[in-house]
There are 2 protein chains.
Amino acid sequence: MSAPTLSVASWNINSVRLRMPQVARFLTENAPDVLCLQEIKCMEHLFPRQAFIDLGYEHIALTGQKGYHGVATVSRIPLRDYARHDWQDNGEARHVGVELLGPGEGLILENVYIPAGGDEPDREKNPKFGQKLDFLARMTRWSEGIERPTLLVGDFNIAPLDCDVYDHKALLKVVSHTPIEVETLGQLQAAHGWVDLGRKHIPAPERNYTWWSYRTYWQGKDRGRRLDHMWASPDLAAKSVKHTIAEHTREWEKPSDHVPIITEFAL
Amino acid sequence: MSAPTLSVASWNINSVRLRMPQVARFLTENAPDVLCLQEIKCMEHLFPRQAFIDLGYEHIALTGQKGYHGVATVSRIPLRDYARHDWQDNGEARHVGVELLGPGEGLILENVYIPAGGDEPDREKNPKFGQKLDFLARMTRWSEGIERPTLLVGDFNIAPLDCDVYDHKALLKVVSHTPIEVETLGQLQAAHGWVDLGRKHIPAPERNYTWWSYRTYWQGKDRGRRLDHMWASPDLAAKSVKHTIAEHTREWEKPSDHVPIITEFAL
DNA sequence: GCAGTGCCGG
DNA sequence: CCGGCACTGC
């Protein structure tokens, strides 16, 4: 018999209530076992729970707040609501962790929305930038203690490699691609030996964008960045067999500025 | 040979830019010669002029302002941009008058958006209510000087007859149906002997609503009011042959809270 | 550019 | 409920 398969998707949806038709279409066409959403932008009681149940995603773990941030993990596979970290200690809803209970039993799935970090890449002038770096440092401390096979997914708001942006030089001073962010993200990666599945399956320097600004997309110049990631513990990473970027969703009606990424595992 | 025919429609559109698809549908399905719009809610340079030209309504007279009020008269028949009255003397864009040049030559068409008047029907507590009454008084003075056959159309924001609202007694203290408004509107009507075409063709006490609040429409209780009117000079009124209320538009997608009214004349 | 918010006006 | 606006965040 063949090994059981597991597929996990991640998508910064930029308001789940406004974008529910697109989410439904994505789930119908791609049928991942699990979908991790970021920026749901609603409180938990306003999450369109029934719509997900109707689509077969009846196992839901989420953390929300009014208007900003918020993450949700919806699943066809039973899951245990495992953890909620507040890596800024400021009450923002940026993480939800679950443990899969069906196929993929015991696997930990961490869904995170790392802070964008404001405009100015300077701790002094822009406190949000410091908060982003501190958030990453706390995730690094947390990573050091991980003992179980874990998949860390979400909108990291950092494009780490030169080839993860449309113009490396032009973006060195733009938050999301500054050397200090890339360095700090590197420390997080090293702390657990996280394997970057996006680059395992689509090796550098291949084009691999997951986000295009609303402001410039219409110009058609492909000014993308790779801000969304899936990182796996080394043992788990060895089992990933496919990784896709659902880039076509960026052309849908009323799209999110991010597109979904999907990884399949042979467990 | 038969007498030339003229059809004139009036519609408070509650943002012409947002509602252009519905306007296009209305014009396509009803093909009035002239359409008078109120609450276009845009400045003149943002009026969707080309869309009207493409629909065959290439003769356009309008007055607009940012965000509020604004009226436009669009026509398949040539017209002369005739007048713009500021009956509040406060710069608000609430009136445009034209003279028809083709069929209906010489006919004056006055398109007006009378102030809503705020919530409290009390001059002292609510200046907007006083402004509404003063607006009507100035229109009355103006009416006294009219010498040419004129059609006065628009959103009057007053339901004059008991049967022009869903509950006369309940609305006696509600702005749009208070005795002082009805009395003041009556003086305006008397000043020129204006004939109320809505009630010429749909005699009281027949139901004749043109507006349903967004707030209560969903309850399905038919809580309508007749706020939109077409008033004609006596000689012109004698030539009206048909008057319809396009009530079905209230059920369209993203409707205005008002519906169009249409009068046909045999000239 | 496009989400969210709050406020005003109807 | 549903327009407009101004503001904020990404």
Side-chain angles (χ1 to χ4, degrees), chain A residues 12-20 22 38-43 46 64-70 92-94 113-120 126-129 131-132 155-159 174-176 211-219 223 225 227-228 250 253-258, chain B residues 12-20 22 38-43 46 64-70 92-94 113-120 126-129 131-132 155-158 174-176 210-220 223 225 227-228 250 252-258:
Chain A
N12 178 319
I13 197 57
N14 190 13
S15 176
V16 70
R17 285 178 296 172
L18 202 76
R19 216 85 61 198
M20 200 56 220
Q22 292 85 331
Q38 300 88 40
E39 285 207 85
I40 60 173
K41 289 191 175 179
C42 66
M43 288 192 286
L46 295 173
Q65 66 180 83
K66 191 174 181 178
Y68 298 97
H69 323 311
E92 290 182 356
R94 293 182 174 276
Y113 175 51
I114 293 176
D119 284 336
E120 187 83 33
N126 169 23
K128 287 181 190 176
F129 190 70
Q131 283 163 22
K132 182 179 191 173
D155 176 3
F156 291 12
N157 269 311
I158 297 175
V174 173
V175 174
S176 74
W211 177 85
W212 294 260
S213 165
Y214 284 121
R215 269 174 282 216
T216 55
Y217 184 74
W218 62 275
Q219 295 173 350
R223 300 198 156 180
R225 305 180 205 173
L227 302 181
D228 301 272
R250 191 63 177 77
E253 287 280 295
K254 287 215 138 231
S256 170
D257 45 352
H258 295 253
Chain B
N12 179 317
I13 197 57
N14 189 14
S15 175
V16 70
R17 286 178 295 172
L18 200 75
R19 216 85 62 197
M20 200 57 220
Q22 291 85 333
Q38 302 87 39
E39 284 207 85
I40 61 172
K41 289 191 175 179
C42 64
M43 288 193 287
L46 295 174
Q65 65 178 83
K66 190 174 180 177
Y68 297 96
H69 323 311
E92 290 181 355
R94 293 182 173 275
Y113 174 53
I114 293 177
D119 283 337
E120 187 83 30
N126 169 23
K128 287 181 190 177
F129 190 72
Q131 283 164 22
K132 181 178 191 173
D155 177 3
F156 291 11
N157 268 313
I158 297 175
V174 173
V175 173
S176 74
T210 66
W211 176 86
W212 294 260
S213 166
Y214 284 121
R215 270 176 282 220
T216 55
Y217 185 75
W218 61 275
Q219 294 172 349
R223 299 198 156 181
R225 306 181 205 173
L227 301 181
D228 301 273
R250 192 61 176 81
W252 287 357
E253 287 280 294
K254 286 213 140 235
S256 170
D257 45 350
H258 295 252

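The structure presented is a predicted model; accordingly, all values stated were derived computationally and were not measured. Below, chain A is the first sequence line, B the second, and so on; all start at residue 1.
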Between [atom2] on [N] and [atom1] on [X], what's the gap in Å once rounded to a whole number?
| X | N | atom1 | atom2 | result |
| --- | --- | --- | --- | --- |
| B/Q22 | D/dC2 | CD | P | 12 Å |
| B/M43 | D/dG4 | CE | P | 13 Å |
| A/N12 | D/dC10 | CG | C1' | 9 Å |
| A/K132 | D/dG9 | NZ | P | 15 Å |
| A/Q131 | D/dG9 | CD | C1' | 13 Å |
| A/W218 | C/dC2 | CH2 | C1' | 15 Å |
| A/F129 | D/dC10 | CZ | P | 14 Å |
| B/I40 | D/dG3 | CD1 | P | 16 Å |

Enclosure of A/E253 CD (heavy-atom neighbours >12, cutoff 6.0 Å):
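For A/E253, atom CD is not crowded (no more than 12 foreign heavy atoms under 6.0 Å).
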
Is it true that the side chains of B/E39 and B/N14 contain a donor and an acceptor less than 3.5 Å apart?
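No donor-acceptor contact under 3.5 Å links the two side chains.
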
Can you tell me how the ring of B/W211 sits relative to the ring of B/H258, calling it parallel under 30°, perpendicular over 60° and tilted otherwise?
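Correct class here is tilted.
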
Determine, for nucleotides 4-10 of chain C in 5'-to-3' order, which nucleotides have protein heavy atoms under 4.0 Å from the base (write B), from only the sugar-phosphate (write S), or from neither (write -).
S-S--SB

Using side-chain heavy atoms (C-beta onward) and a distance below 4.5 Å, is B/Q22 in contact with B/S256?
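Not touching, per the 4.5 Å side-chain cut-off.
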
Heavy atoms, side chains only, cut-off 4.5 Å: are A/P115 and A/Q131 in contact?
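Side chain of A/P115 against side chain of A/Q131, heavy atoms only: no contact under 4.5 Å found.
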
With a 4.0 Å cutoff (strictly under), does any side-chain N or O of A/R19 reach OP1 or OP2 of C/dA3?
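Checking A/R19 against C/dA3: at least one side-chain N or O falls below 4.0 Å of OP1 or OP2.
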
Pairing residues for A/R19 by the side-chain hydrogen bond (donor to acceptor under 3.5 Å, both in side chains) criterion, not counting sequence neighbours:
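Partners of A/R19 under the side-chain hydrogen bond (donor to acceptor under 3.5 Å, both in side chains) test: A/Y214.
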
